[in-house]
Colleague: 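This structure is in structure tokens; I'll ask about it shortly.
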Amino acid sequence: MSTATPRYRFAPSPTGYFHVGGARTALYNWLLALKNNGIFVLRIEDTDESRNEPQWTQGIIDALAWIGIDSNDPHFEGPYFQSTYAAEHVVAAQKLFDSGNAYYCDQTSEQIQERAKAAGLNGYDGHSRDRGLAPGPGHVLRFKVPAGKTIVHDTVRGEVEFENSTIEDFVLLRGNGTPVFLLANVVDDITMNISHVLRAEEHLPNTPKQQMLWNALGVTPPVWAHVPVLVNEQRKKLSKRRDKVAVEQYREEGILPQAMVNYLMTLGWAPHGDTEIVPWEKIVDEFALESVNHSPAFFDIKKLQSFNGEYIRMMPLEDFISAAEVILTSSAAPWPAERYKPEMFRAMAELVQTRVVVMAEVCALVDFLFLAEPSIDDAAFTKAFGADFATPTLAEIATAFATVEWNAESLKTAVETVGTKHDVKLGKLQGPLRIAITGRSVGPPLFEPIELLGRDESLRRIKSALARAQG
RNA sequence: GCCCCCAUCGUCUAGUGGCCUAGGACACCACCCUUUCAAGGUGGCGGCACGGGUUCGAAUCCCGUUGGGGGUGCCA
């Protein structure tokens, strides 16, 4: 390789949301640009005007920033827009025509199919190769695939050989004169001086065509690298229809960007040693394209969440509190804004931190502190109060709470005393109390929040639950 | 149909001919801890797709089979 600055690129089409597979490809390119002191070029492939919206571009930039690909970083270049290079695409097409590497063809797809069927062959047969057709309405420009074979040198896969006879004379310019993806992509890579094309494996079958184009245009092809695709449980390529693929959605749920990045990087690759949860710096340091796996990887949300839980627990408490507060004070919170008490959450934060896997779960764990009335889980209520001891013991607890010294420790002792008397273990005994206070059968430790709630409110909730149990 | 890619526990992976009785992580199960639920700790379940070679020796190399996936547009 030359000593010139390596130039990588990420070329998404703006289709409305940012795909996790795209995030992974972007990450690979970014990582290599950082590691090899190269440039990460962002090019928006916006030539399909029918599904193109300007705000999607900002969405891509935001999503990239979220996973640490900062458009202000000196390694970042762009965004460029494919649509602004339309003239170059046509010039290149003209060049290919002039040099005899391409020809015009007037065959419709029906005609092509008919002839293929008659001949028992597949695809286009090169019918117009030597007909000397001129450009004209409805005439497409086709590339004249040369004889021989094309060998693609792929950094992750090695040498992949294609027999040129199996590649039909593909279209460069549509009947209306606009360039197709294959051409536009190559021409842009050439004009942007791209040296490394790293993308998902689904592009591998296109690569010989692109390589022929580079050669026909008189430019040395780039270094190719095709990483395996991400698949769902059915081992199919992740799709927007069936699968949860939007990075934005994970972000909203409270997946931490570090967790997402770390997880994505363990798909098809692993850091040295027995630990998968590793800092980005270690990944940059150890990563090598040559060691990327060759087979598709299942995007396992459970494992992502497990990573996320670890990252949440790793956060300093203060950071966790600030991160939680974003959600707690947002419109997603089920209580009126003025009822939110930051000091109450602070007091609970440590107990919450080990109990959430995504940040969005924080709400449900503390909502009873900020809601005027806890939202009661009916099934859990019925179950908890179905026990014989439930009502009498809870009544006694209420009596004790009326006079007990108001702190978590004393509250717990008071409940235990009732338990001893009725021969019910604390674990069971606290069930009805928990429902009365929080509305749920599970949650953070009970006595701390009761202390926070205060005597009056706690007693009110207990009595209200008792009344409900009665009738 | 044709072309291409791929193949280690259910999943993500470590493994580059002897350190493999195949290691780790997620998930699952059990136990411990425990104020429910988590977290944490300990242990368990579970895999080299199959068949041929090559070799003193193969998860690792070769061939084949089978099975998956991707691509085959005047989409990107």
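A, B, ... follow the sequence lines: proteins, then strands. Residue 1 opens every chain.
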Colleague: If B:rC56 has a Watson-Crick or G-U wobble mate with both distances under 3.5 Å, name it; if not, just say none.
Modeller: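 Per the H-bond distance test, B:rG18.
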Colleague: Does the plane of the ring in A:W214 sit parallel, tilted or perpendicular to the ring in A:W224? Use 30° and 60° as the thresholds.
Modeller: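 Plane angle over 60°, so perpendicular.
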Colleague: List the residues meeting side chain to side chain contact (heavy atoms under 4.5 Å, CB included) with A:R115, not counting sequence neighbours, and say none if there are none.
Modeller: A:Q107, A:Y124, A:D125, A:H127
Colleague: Over 60° means perpendicular and under 30° means parallel, so tell me whether A:Y17 and A:H19 are parallel, tilted or perpendicular.
Modeller: tilted
Colleague: Just jot down the side chain to side chain donor-acceptor pair (under 3.5 Å) partners of A:D106, sequence neighbours excluded, or say none.
Modeller: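 Partners of A:D106 under the side chain to side chain donor-acceptor pair (under 3.5 Å) test: A:R131.
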Colleague: By the definition salt bridge (Lys or Arg N to Asp or Glu O under 4.0 Å), identify the one residue from A:R129, A:K209, A:K144 that meets it with A:D169.
Modeller: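 Per the salt bridge (Lys or Arg N to Asp or Glu O under 4.0 Å) rule, the option paired with A:D169 is A:R129, out of A:R129, A:K209, A:K144.
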Colleague: Specify the residues of residues 163-172 of chain A, ordered by number, for which at least one heavy atom lies under 4.0 angstrom from an atom of RNA chain B.
Modeller: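 Close to the strand are A:T166, A:V171.
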Colleague: For nucleotides 59-65 of chain B, list the nitrogen or oxygen atoms of the protein found under 3.5 Å from its nitrogen or oxygen atoms, one pair per line.
Modeller:
none

Colleague: Do nucleotides 7-14 of chain B as a string where each nucleotide becomes B, S or -: B if the base has a protein heavy atom under 4.0 Å, S if just the sugar-phosphate does, - if no protein is that close.
Modeller: S---SBSS
Colleague: What does the list of N/O pairs under 3.5 Å between the protein and nucleotides 31-35 of chain B look like, with a distance for each?
Modeller:
| unit_1 | atom_1 | unit_2 | atom_2 | d |
| --- | --- | --- | --- | --- |
| B:rU35 | OP1 | A:K412 | NZ | 3.3 |
| B:rU35 | O2 | A:Q430 | OE1 | 3.0 |
| B:rU35 | O2 | A:L446 | N | 3.4 |
| B:rU35 | O4 | A:E448 | OE1 | 3.4 |
| B:rU35 | O4 | A:E448 | OE2 | 3.4 |

Colleague: Could you check whether any side-chain heavy atom of A:V20 comes within less than 4.5 Å of a side-chain heavy atom of A:Y250, counting everything from C-beta outward?
Modeller: yes
Colleague: Considering residues at least two apart in sequence or located in another chain, which fulfil the side chain to side chain donor-acceptor pair (under 3.5 Å) criterion with A:Q82?
Modeller: A:E45, A:T47, A:D188
Colleague: Taking atom P of B:rC37 as reference, at what distance in whole Å does atom CD1 of A:I437 sit?
Modeller: 19 Å
Colleague: Can you tell me whether the side chain of A:N206 and the base of B:rA76 have a donor-acceptor pair closer than 3.5 Å?
Modeller: yes
Colleague: Give me the distances for all protein-to-nucleotides 40-42 of chain B N/O pairs that come in under 3.5 Å?
Modeller:
| unit_1 | atom_1 | unit_2 | atom_2 | d |
| --- | --- | --- | --- | --- |
| B:rG40 | OP1 | A:R313 | NH1 | 3.1 |

Colleague: Take atom C1' in B:rC28 and the same atom in B:rC9, then report the distance between them in whole Å.
Modeller: 12 Å
Colleague: Give the nucleotide from the list B:rA76, B:rU36, B:rC5 with an atom nearest to the side chain of A:R355.
Modeller: B:rU36
Colleague: Which residues pass the side chain to side chain donor-acceptor pair (under 3.5 Å) test with A:E168, sequence neighbours left out?
Modeller: none
Colleague: Tell me which nucleotide among B:rC3, B:rG70, B:rA76 gets nearest to the side chain of A:K236.
Modeller: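 The answer is B:rG70, which lies nearest to the side chain.
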Colleague: Among all residues two or more places apart in sequence or in another chain, which pass the side chain to side chain contact (heavy atoms under 4.5 Å, CB included) test with A:E114?
Modeller: none
Colleague: Please state the C1' separation for the pair B:rG15 and B:rC45 - nearest whole angstrom.
Modeller: 22 Å
Colleague: Look through every strand shown and name the nucleotide pairing with B:rC28 as Watson-Crick or G-U wobble, where both distances are under 3.5 Å.
Modeller: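 Looking at the geometry, B:rC28 pairs with B:rG44.
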Colleague: What integer distance in Å separates A:E159:CD from B:rC6:C1'?
Modeller: 18 Å
Colleague: Quick one: list whatever passes side chain to side chain contact (heavy atoms under 4.5 Å, CB included) with A:R434, sequence neighbours left out.
Modeller: A:Q430, A:T438, A:L446
Colleague: Only counting residues at least two apart or in another chain, list the ones meeting side chain to side chain donor-acceptor pair (under 3.5 Å) with A:N164.
Modeller: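 If we apply the side chain to side chain donor-acceptor pair (under 3.5 Å) test to A:N164, skipping adjacent residues, the hits are A:T150.
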